[in-house]
Each structure stands twice: as C-alpha cells, then as structure tokens.
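Here the structure is laid out as structure tokens; the discussion comes afterwards.
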There are 2 protein chains.
Amino acid sequence: MEVLASSTGPMSATELLDELRKGQRGAGIGIATIYRSLKRGVEHGELIAVELESGAVRYEPSDLEHHHHFLCTGCSRAFDLEGCVKNLEQLLPTGFEMTRHEVLLHGRCAECRIAG
Amino acid sequence: MEVLASSTGPMSATELLDELRKGQRGAGIGIATIYRSLKRGVEHGELIAVELESGAVRYEPSDLEHHHHFLCTGCSRAFDLEGCVKNLEQLLPTGFEMTRHEVLLHGRCAECRIAG
DNA sequence: GGAGAGATGATAATTGATTCTCAAATAGGG
DNA sequence: CCCTATTTGAGAATCAATTATCATCTCTCC
C-alpha cells in the first residue's frame with residue numbers, strides 16, 4: 001500500500017484508488033480497503049493525514065522531513081515542497097502558543113502550465 | 001449580517017448562527033438564512049470564503065489587508081494574524097507558478113491557555 | 001482437503017455540510 | 001389597509017466523504 005512512499009505529494013483516498021487500479025497489483029481493489037488501510041496506517045503511525053482543503057483528507061508517509069505543500073489549481077494534485085520559512089513566530093499574537101504550522105502555496109504545476 | 005466585520009477571525013456558518021442567536025437582533029434566525037446571506041456576500045464580492053480545514057468553510061470581509069490565520073486546537077476558532085512571511089518563492093519547484101499562498105498556524109489561543 | 005480467522009470488494013448506511021422547498025411573515029407601494 | 005414580491009425559518013432533500021455490513025476469498029495450519 002505504499003504507492004504513497006513514491007508519490008510526489010500527499011494523496012486522497014480517491015486518488016489512491018485510481019492510482020492503484022492502474023497497476024496490475026491493485027486491479028480490482030475497492031474503496032473500502034483503501035480507507036481501512038489508511039486508517040490502520042495512521043493508527044500505527046506510518047501515515048499522517050493532512051487537510052489542505054475542504055472535503056479531501058490526504059495522506060503521506062510519516063517519515064518525511066518537515067516540509068510544506070503546493071496545490072495545483074489545474075489538476076487539483078498536491079505536491080511536496082522542500083524547505084521552510086523563517087520568522088513565523090512574529091505572526092503570533094501575544095499570549096498565543098504555536099505548536100504547528102502549515103504553508104500552502106496555490107498555483108499551477110509544471111505539467112498544467114505546459115498543457116496550457 | 002456583519003458580525004463578521006467585528007470578528008477577530010473568519011467564521012463558519014455554524015459559528016455565525018450561534019453568535020447571531022446570542023444577540024437580540026438575530027434571536028430566531030435560521031441556518032438557511034445564514035447560508036443564503038453568505039452566498040450572496042461572496043457573489044457580491046463583500047465576503048471571501050477561506051478553507052482552513054476539512055469540512056468547514058469560513059468567511060471573512062473581503063476588504064481586509066493581506067493576512068494569515070491561526071487555528072486554536074482548544075476552541076477550534078480561527079483568528080486573523082497580522083503580517084506575512086518572506087521568501088516563499090524559494091519553496092517553489094522549477095516550472096511551477098504560484099498565484100496565492102496561505103500560512104496557517106496551529107496551537108492554543110490566549111483564552112484557551114488561561115483556561116488550562 | 002478442510003476448518004477457522006482474518007481480509008476483501010460491493011454496496012448500503014451514516015455523517016456533516018450545504019441547498020431546496022414551501023408555507024408563513026414581512027415590506028413596500030399604491 | 002390591501003396586494004404583490006421578497007425574505008424568512010423549519011425541516012426535508014441532496015451531496016460527497018467515510019464507515020459499516022456481509023457474503024465471499026484467502027490464507028494458515030492441521
């Protein structure tokens with residue numbers, strides 16, 4: 001079930017289903033199995049759920065370096081980005097405590113730009 | 001319908017309903033009216049929909065300065081943050097085009113920290 | 001080869017958010 | 001005030017994502 005490990009970014013259950021059905025190994029796989037496996041993966045700590053947008057939870061391996069994401073407005077795919085940004089603490093109001101942060105870039109991926 | 005204008009952050013339809021029902025002006029308001037008004041607000045360009053997390057679209061006035069958001073893990077409220085960060089372009093893979101970006105901080109707001 | 005445990009796929013059921021429907025309430029304009 | 005057009009609230013309906021159900025498969029071990 002680790003098509004995810006070789007993916008260029010986090011995938012949703014549906015994306016995973018489509019991708020798996022393309023390969024010979026997962027020809028007749030059902031959506032229920034996808035959800036079951038994803039759930040187990042998260043419970044076992046192998047996967048992390050990321051919510052980049054409303055109505056679509058995506059999953060990625062939990063052993064990735066700290067990184068952020070890019071969401072393509074053309075194909076709706078999410079891509080991993082390397083690196084991070086500085087000085088996030090300066091955004092924080094006094095009295096607030098930050099435990100986590102996300103940076104999400106929107107735009108068109110290389111593929112979609114070429115496609116027009 | 002501009003409780004939103006005086007809010008400390010973007011609100012969801014449900015939050016807005018609860019908030020309005022507290023005041024005498026919107027005592028018996030229904031959720032349908034909230035959605036109708038929000039939709040109209042977005043269509044007329046007075047409001048902007050922001051999706052900070054799965055399954056909850058929030059709305060904010062469209063005339064705010066560029067800013068980002070903080071999502072409290074305690075009370076689930078969203079807060080506006082002032083300012084922005086630099087060097088976001090450096091995250092972008094070659095060939096990708098960025099049209100928009102979001103920074104979302106997670107943690108506990110001042111109120112929730114005090115509450116324990 | 002067969003029994004039992006667990007996994008699987010198809011589909012039904014659930015869930016939460018949003019939209020639709022419709023009768024009642026309201027707002028103007030004469 | 002009365003008439004028409006619009007808005008409203010309540011609840012039903014829709015929709016997409018996720019979960020549950022269940023009969024079938026697939027193992028493993030005997």
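Lettering of chains follows the sequences in order, A, B, ..., and the numbering in each one begins at 1. This structure is a prediction, so every number in the text was calculated from the model and none was measured.
- For the pair A:Leu16 CG and C:dG9 C1', the interatomic distance rounds to 16 Å; values are reported in whole Å.
- Under a 3.5 Å cut-off, the side chain of B:Ser62 and the backbone N or O of B:Gly45 do form a donor-acceptor pair.
- B:His67 and B:Glu60 share a donor-acceptor pair across their side chains, judged by distance under 3.5 Å alone.
- No donor-acceptor pair closer than 3.5 Å links the side chain of A:His101 to the backbone N or O of B:Leu105.
- With B:Arg100 contributing its side chain and A:Gly107 its backbone, the two residues share no donor-acceptor pair below 3.5 Å.
- Put simply, CZ on A:Arg40 is 10 Å from C1' on C:dG6, counting in whole angstrom units.
- The residue B:Arg58 sits apart from the nucleic acid: no heavy atom pair falls under 4.0 Å.
- With B:Ser12 contributing its side chain and B:Glu15 its backbone, the two residues share a donor-acceptor pair below 3.5 Å.
- Distance alone, capped at 3.5 Å, places no donor-acceptor pair between the A:Thr33 side chain and the A:Ile29 backbone.
- Considering only side-chain N and O atoms, A:Thr33 lies nowhere under 4.0 angstrom from the phosphate OP1 or OP2 of C:dT8.
- Here C:dA17 presents its C1' atom at 13 Å from CG of B:Leu38, a figure rounded to the nearest Å.
- Atoms CD1 (B:Ile34) and P (C:dC20) sit 17 Å apart, rounded to a whole Å.
- The distance between atom CG of A:Leu17 and atom P of D:dA16, rounded to the nearest whole Å, is 16 Å.
- Here the P atom of nucleotide D:dA16 and the CD atom of A:Glu15 are 17 Å apart, to the nearest Å.
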Atom pairs, protein N/O to nucleotides 18-28 of chain D N/O, distance under 3.5 Å:
| residue | atom | partner | partner atom | Å |
| --- | --- | --- | --- | --- |
| D:dT18 | OP2 | A:Tyr35 | OH | 2.6 |

